[in-house]
Amino acid sequence: MDEARFLRKKVKAGRIDAHPTENAIVVNYEVTAEILSDAGEPMVADAKRCTQTIRVNNLSSGTDVEGLAGKLMETCKLITPAKFPELVQILTFLLRRSRTSEFKALVKEQKMAPKTQGSLLDHARTAEVARLSEMDVYMEQLYEDLPTKIHGTALILQVAQNPDNLEELVENEAVMGALARVLREDGAKSRELGTNIIHIFFILSSFTNFHHILKQYKIGNLGLSTITHEIARYDEWQGALAKKLNKLGRKSAEAKVLLEKYGEQCFQQESLLYVATHLLLNLAEDTRVQIKMKNKGIVGHMIELLERDNVEFLVLIVSFLKKLSIFAENKNEMKQADIVQKLVRLVQSPHDALVGVSLGLLLNLSFDLEIRSRIIELDLAPRLAELVGNHELPQHYMLGILYHLSMEPSARPALFRQDLLEQLHDPDSPMELVALWVNLALDRECAEQMCADGGLAQLVTTALELDDALVMKVVHNLSSAVVGETKELFLEEIEKLMNHIMAGDEVSEDTTVEVLGVLGNIDVEDFDHRQLLEEYNLLEFINERLLPSAADDDVVIRLVMLVGTCLGDEESAELIARSGVVENLMGLLETPRRDDPEIALQILYVFYKLLFHRISRGVLLKHQSVIRELIEFMSHPNAEIKRICNSALDIVVEVDEGWADEIRARRFEVHNAVWIEAMSGGPAIGGMYGAGGDPYADHDAYSGHGAFDVYDAGDLGNYGLLDDDEGGNLDFDASQYRQSYAAGGTHPY
């Protein structure tokens, strides 16, 4: 009973998604288990992200989607009422996707794949040779019956395919007006007629100096209307085809003929959609036109067309989406439509052209945190890492995406590749590659692999030989990530690192900053820091650069952190206390650098460590100004600065009663600042900081020194608070949720 009383488990519902391949809904949630103290305060917490998969079987065109959604919410308490509209949208998407999948399965079963051979622009063939001089004759055919109009537009298209004829063509207002009128009135009656006319306008749109003429005839609006109409027609085809195939039998001769006809229709429609989409893509060079397209739903239409299979057509669609994704409004609409899930299939395509443009779109989208999380959820990270070796693909796209993904800690282990690590030693390595490894080096699992088998020595040698600050930044991050035996490997590199530092002006200061950072992270147990300080006369080097205006802030903070690391044993502490470092640190606090919370925190940490050791404590207590600075900083708005000051002053009170009354009084003022201010009508606390807020509460500049116990979320699993598999899966039968319609009604999908 007592044990159970101190355990608490919380479940927080998250987002719901459509399963990438199955007819199922994926419910994300987070389980948090906490160990509570006697006072009921959390001591240790273990948070784990889990998923529950709800398979929706027998989903068909007769399913009552809203009724099914309501039942799913009753069955799974993780789906809150607020997510009902989203759940309906996901079920509708699954219904449409399953319908498309069913058609593809039928086509595959009959071995009658839709026609995809040849270019989508390969149409409107005619044996007659068109001439610009006969344009009036061709225009007259636009006023005849439908077959004649098709013939006339095919001849005008042939004329337009010669660039030399375009200027005279656009200047012929009668022809341009007639083409726009026929497209508006008869374009929906004949796909071939619409394709011919829009193809003519597409050719004109390839030249920006003709765009104003196309705007005059509202060609962009006609092209967008054509796309909207054809998408709706495609949905109708699917419904009609399913009914006929079920009636005829899937393996009948009639079904085979029907599927052949369906394949031809798809190819013809995609030819029309191709020229219409390309027309809009060219017109979208004008951002004002692009905004109008966005308001009329162009983003949603392009996302719907991603379900097609024609590679040439998909390359165009993805290219258009890539262009649109530059603007946040379009990117947000793509995110809402879960575009990443639709791109999974395209990234896995064997066609490099399609994969390449898909990577470009993903790069634009990956600047968004939620989209990066979605890429990781769909397990795309390993696939993207594999593509780096394919030199037919744009490497800067892939490296850019991988770099963005490496910003998320959960994705880092999946991005590790030995061949990419070897490229880090190339002096011409792209910056995105080095930046990727800077992030990966922060992951302990990746760091262990990078240091193994002489990897650390090679990285250090490369960074120093090239004097490359970014590669040394990789080493710096490695030194903060690894522990135990791997951390001890850095001891073998100290000589190289110290020789670099002592080279002075001969090396880059940026590289020196990172080298100092590495040395500051070598907190290996039983390492003789005193020998390091004496052998290289390091304290003289440090004191020279701690003088005001002697070094930049980046160098100063690394030097102070290095001093803090060297204070791990009594002998080193005594050496540092008598070296003049304390006086120089106090000098820094008399400059504007005292207002930098990072520098101030590191200096105060050094004082704390000096007070920690007996001999150095005696030296420091003689500097009354140091104790007064610790008292002054107790009212600093940074929580960690206040914490380190209190820890240091606890030692002072314990060993020197002379300071006890002043420290207790100051603590009372700080603790009761609000009450004192209310009573006195003025500021509660003297000094320069007052009782302000805590804008630096999350600052972590003290990390790496071991002054405080900070729980690492990655270590909480050791407490065994959560099972390996918190989530469960459900199977749900949708067949009992059929929607009935009145006679003569139409299906809403």
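Remark: Arg131 does not engage Glu134 in a salt bridge, criterion side-chain N to carboxylate O under 4.0 Å. Ion pairing between Arg181 and Asp186 fails under the 4.0 Å rule for side-chain N and carboxylate O. Between Glu333 and Lys294, at least one side-chain N (NZ, or NE/NH1/NH2) sits under 4.0 Å from a carboxylate O, which counts as a salt bridge. A salt bridge is defined here as a Lys NZ or Arg NE, NH1 or NH2 lying under 4.0 Å from an Asp or Glu carboxylate O, and Lys342 with Glu304 fails to meet this definition. Between Glu270 and Arg308, at least one side-chain nitrogen of the basic residue sits less than 4.0 Å from a carboxylate oxygen of the acidic one, meeting the salt-bridge criterion. For the pair Asp64 and Lys71, the salt-bridge criterion is not met [side-chain N within less than 4.0 Å of a carboxylate O].
Phe313 and Leu305 get closest at one heavy-atom pair: CZ-CD1, 3.9 Å.
Using modelled atom types, no side-chain atom of Glu171 and backbone atom of Leu166 make a donor-acceptor pair closer than 3.5 Å. A donor-acceptor pair is defined here as one N or O able to donate and one able to accept, closer than 3.5 Å; such a pair exists between the side chain of Arg383 and the backbone of Val347.
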For Lys261 and Glu264, what are the C-alpha separation, side-chain angles and deciding distance, and is it a salt bridge (Lys or Arg N to Asp or Glu O under 4.0 Å)? CA-CA 5 Å; Lys261 183 179 179 182; Glu264 289 292 338; over 6 Å; no
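Ile16 pairs in a side chain to side chain contact (heavy atoms under 4.5 Å, CB included) with only one of the listed residues (Val26, Val27, Ile54), which is Val27.
The number of heavy-atom neighbours closer than 6.0 Å to NZ of Lys335, taken from other residues, nucleotides and ligands shown, is above 12.
Side-chain atoms of Leu183 and Phe201, non-hydrogen and from C-beta on, do get closer than 4.5 Å to each other. A heavy-atom distance below 4.5 Å is not found between the side chains of Ser271 and Tyr274.
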